[in-house]
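Down below is the structure, laid out as C-alpha cells.
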Amino acid sequence: MEEQDPQNPPKKTGLDEWNDRLDNNLEPENTGDEQADENAREYSEEEGSGDQSDETES
C-alpha cells in the first residue's frame, strides 16, 4: 500500500464526507448522547437532512 503524504492528503469524496458525518454523530444505542443529537441537528440545518421530503418543489 502506498504511503500518503501528510502535507497533501487525498481529496475527500461525498462518501468520505458522509462517513465523517456518521463517525461524528453516531452514538451507541440507548446512550442518549445529547451532543450527537445537537451535531446531527446542526448538520441538517446547514446541509439538509439528505431526505428528499425536505426539498422544496420548483
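Just so it is clear, the values below take in all heavy atoms, side chains as well, and ignore hydrogens, waters and symmetry mates. If you read the sequence from its start, that first residue is 1, and numbering goes on from there.
Residue Q35 holds its CD atom at 7.0 Å from CD of E42, rounded to the nearest 0.5 Å.
Under the side chain to side chain donor-acceptor pair (under 3.5 Å) criterion, N19 pairs with no residue at all, not counting sequence neighbours.
Of the possible donor and acceptor atoms, one in the side chain of D16 sits under 3.5 Å from a partner among the backbone N and O of T13.
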